[in-house]
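Take a look at the structure set out below.
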Amino acid sequence: MISTGQLIIDLTAIQKNWQLLNQKTGVDTECAAVVKANAYGLGAVPVARSLIGVGCRTFFVATLDEAIELREAVVGEYKIIVLGGMASNHYKECARYQLTPTLVTFQQLSLWQMACSQDASQKEEWQSPVIKIDTGMHRLGLSLNEIKQLILEKNLLTSLSPNIFMSHLACADEPSHPLNNQQLSAFCYVLNELKQLLPNVKASFANSSGIYLGNNYQFDIVRPGVSLYGANPTLDLANPMTPVVKLSVPINQIKGVPVGDSVGYGASYKAKKDTRIAVTFGGYADGLFRILGSGGKGFYCGYPVPIAGRVSMDSIAFDISSVPDALLSEENNMIEILGEHQTVDQLAVQASTIAYEILTSLGQRYHRTYQGGVVA
């Protein structure tokens with residue numbers, strides 16, 4: 001008997017999703033992959049290796065530690081870009097592991113220039129940083145006024161020899177939102193000015209949803225993340241991505257609950273009739289959020305089974321009264337949370353959140369299995 005949940009990650013599906021996104025981009029646009037947060041909880045190393053197998057050559061991570069872990073596992077001429085900025089002591093690690101930093105402040109630009117000038121070794125491609133521009137999201141990045149100042153200080157800009165100028169869309173999943181066009185206009189304006197000094201510099205703007213806003217948002221490099229893992233980048237349309245994750249939790253006990261009796265903490269659920277429940281492994285310690293007790297469901301042998309009562313740390317009760325007696329057996333001892341009958345986007349709606357949070361919260365107690373994939 002399986003004592004923990006089964007989490008199956010389909011690497012072939014991730015490859016198909018990257019290939020679809022790659023085909024969606026222009027012929028002169030590179031499709032990279034965002035594998036930060038351990039590839040959104042699914043495993044950065046196996047995911048990156050499988051993507052290398054179908055042609056991906058550039059990977060984005062959030063932190064230096066993530067980048068080092070990935071570089072130790074993925075050796076070769078694959079670019080690893082650290083999105084989270086650069087501290088003053090990061091240069092040596094970037095040099096050792098050939099990691100490209102994203103610089104987001106004037107101070108970081110100066111620190112990187114100083115470190116490069118003190119390094120007597122021949123200049124290598126990884127030393128050409130990414131510079132992030134804040135075009136209206138007001139998260140990390142140089143403001144438009146700071147970029148104008150940077151253009152005036154030609155020596156700093158040209159000595160840095162940046163490889164990519166990057167910005168990030170705030171509302172890409174809402175195609176009609178006016179901020180999309182405002183950010184695009186701002187990015188195009190500063191990029192045109194920057195290319196007067198650096199004509200060969202590349203530009204990166206689109207995330208998963210941004211790719212679907214059209215070719216004018218794609219520039220030289222696109223950075224898909226959550227769509228690689230099966231989430232829908234086009235929320236108003238059918239999901240073009242292949243599902244990646246299957247999650248099932250084992251039934252530990254089946255019992256009857258008489259009409260009027262309660263189930264779980266706080267006695268928030270009361271049986272309106274004689275009810276049969278299945279108590280499973282898995283709870284909020286495993287990324288199955290407590291709020292799912294207010295309308296979440298699983299599937300037993302294809303039958304929808306609502307959650308009965310509050311989600312606990314390690315267990316969930318499901319009302320399986322609608323399941324025919326003939327299907328109750330030791331062989332049928334799992335309840336599907338994600339899979340054929342329920343997508344990560346659908347579960348996210350039930351939890352009043354987004355697919356990103358569902359994926360990155362999947363716990364470490366599940367028995368993880370990888371399927372398919374061309375491993376580099």
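Shown here are the ring-ring contact (aromatic ring centres under 6.0 Å, His included) partners of F59, two or more places apart in sequence or in another chain: there are none. Residues satisfying the ring-ring contact (aromatic ring centres under 6.0 Å, His included) criterion with W126, sequence neighbours excluded, are Y91.
A donor-acceptor pair under 3.5 Å is formed between the side chain of N17 and the backbone N or O of A13. No donor-acceptor distance shorter than 3.5 angstrom exists from the side chain of N38 to the backbone of Y40, with no hydrogens or angles considered. Of the possible polar contacts, one joining the Q342 side chain to the I337 backbone as a donor-acceptor pair under 3.5 Å is found. A side-chain donor-acceptor contact under 3.5 Å links Q108 to the backbone of M86. Side-chain atoms of W112 come within 3.5 Å of backbone N or O of Q127 as a donor-acceptor pair. Without hydrogens or angle criteria, D274 side chain to G256 main chain gives no donor-acceptor distance under 3.5 Å. A donor-acceptor pair under 3.5 Å is absent between the side-chain atoms of E146 and the main chain of L142, judged by distance alone. Remark: side-chain polar atoms of D345 are not paired, donor with acceptor, to backbone N or O of A355 under 3.5 angstrom. Between the side chain of R365 and the backbone N or O of D286, no donor-acceptor pair lies under 3.5 Å. Panel note: side chain R57, backbone A32; no donor-acceptor pair is recorded below 3.5 Å.
Closest heavy-atom contact between A231 and V344: CA-CG1, 4.2 Å. Residues S322 and P304 come closest through the heavy atom pair OG-O, 3.8 Å. For the residue pair I335 and A278, the shortest heavy atom distance occurs at CD1-CB, 4.2 Å. Of all the heavy atoms in L169 and G210, the pair that sits closest is CD1-CA, 3.9 Å. Taking every heavy atom of both residues into account, T100 and K79 meet most closely at OG1-CG, 4.2 Å.
M313 CE: 12 or fewer foreign heavy atoms inside a 6.0 Å radius. At most 12 non-hydrogen atoms from other residues, nucleotides or ligands lie less than 6.0 angstrom from CD of E69. The number of heavy atoms from other shown groups lying within 6.0 Å of CD (Q149) is above 12.
Note that CG of L140 is 8.5 Å distant from CE of M166, once rounded to the nearest 0.5 Å. Taken to the nearest 0.5 Å, the CZ atom of F60 stands 11.5 Å off from the CD1 atom of I80.
Residues in residues 163-185 take part in no ring-ring contact (aromatic ring centres under 6.0 Å, His included) pair, two or more places apart or across chains.
When the side chains of ILVMFWY residues are joined at heavy-atom separations under 4.5 Å, either directly or via intervening members, V104 and L156 end up in two distinct hydrophobic clusters. In this structure, I8 is not a member of the same hydrophobic cluster as V245, with clusters built from ILVMFWY side-chain heavy atoms closer than 4.5 Å. By the rule that hydrophobic residues join a cluster once side-chain heavy atoms approach within less than 4.5 Å of another member, L11 and V35 end up as members of one cluster. Both I133 and L160 belong to a single network of hydrophobic side chains, linked directly or stepwise wherever heavy atoms of I, L, V, M, F, W or Y lie under 4.5 Å apart.
No side-chain donor-acceptor contact under 3.5 Å links N207 and S209. Under 3.5 Å, the side chains of Q183 and S167 contain no donor-acceptor pair of N or O atoms. A donor and an acceptor atom, one from each side chain of Q113 and S159, are located under 3.5 Å apart.
When side chains are defined from C-beta on, R276 counts as touching D325, because their heavy atoms get closer than 4.5 Å. At least one side-chain heavy atom of L288 sits less than 4.5 Å from a side-chain heavy atom of I316. Residues N180 and L213 meet the side-chain proximity criterion, which asks for heavy atoms closer than 4.5 Å. Side-chain contact between N333 and E330 is absent, with no heavy atoms from C-beta onward closer than 4.5 Å. Looking only at side-chain heavy atoms (C-beta outward), P243 and T343 stay at 4.5 Å or farther from each other. L21 is listed as a side-chain neighbour of M241, based on a closest heavy-atom distance under 4.5 Å. Side-chain contact between Y303 and L327: present, with at least one pair of heavy atoms (C-beta onward) separated by less than 4.5 Å. Using a 4.5 Å heavy-atom cutoff, the side chains of K24 and L20 are not in contact.
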Evaluation steps, side chain to side chain contact (heavy atoms under 4.5 Å, CB included), between Y265 and R290: CA-CA 11 Å; Y265 283 119; R290 194 167 180 263; 5.6 Å; no
Might you work through the side chain to side chain contact (heavy atoms under 4.5 Å, CB included) test for L157 and L194, ending with a clear yes or no? CA-CA 9 Å; L157 187 58; L194 290 163; 3.8 Å; yes
Could you go step by step and tell me if D220 and E30 meet the side chain to side chain contact (heavy atoms under 4.5 Å, CB included) rule? CA-CA 6 Å; D220 300 296; E30 177 186 0; over 6 Å; no
Passes side chain to side chain contact (heavy atoms under 4.5 Å, CB included), L179 versus E174? Steps please. CA-CA 10 Å; L179 187 55; E174 301 178 54; over 6 Å; no
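Between K272 and D319, none of the side-chain N atoms (NZ, or NE/NH1/NH2) sits under 4.0 Å from a carboxylate O, so this pair counts as no salt bridge.
If you run side chain to side chain contact (heavy atoms under 4.5 Å, CB included) between F299 and each of M334, H341, E340, only H341 comes through. Considering P129, S204, S128 as possible partners of I164, the one that fulfils the side chain to side chain contact (heavy atoms under 4.5 Å, CB included) test is S204.
Note: F219 and F187 have perpendicular aromatic rings, judged against thresholds of 30 and 60 degrees for the angle between ring planes.
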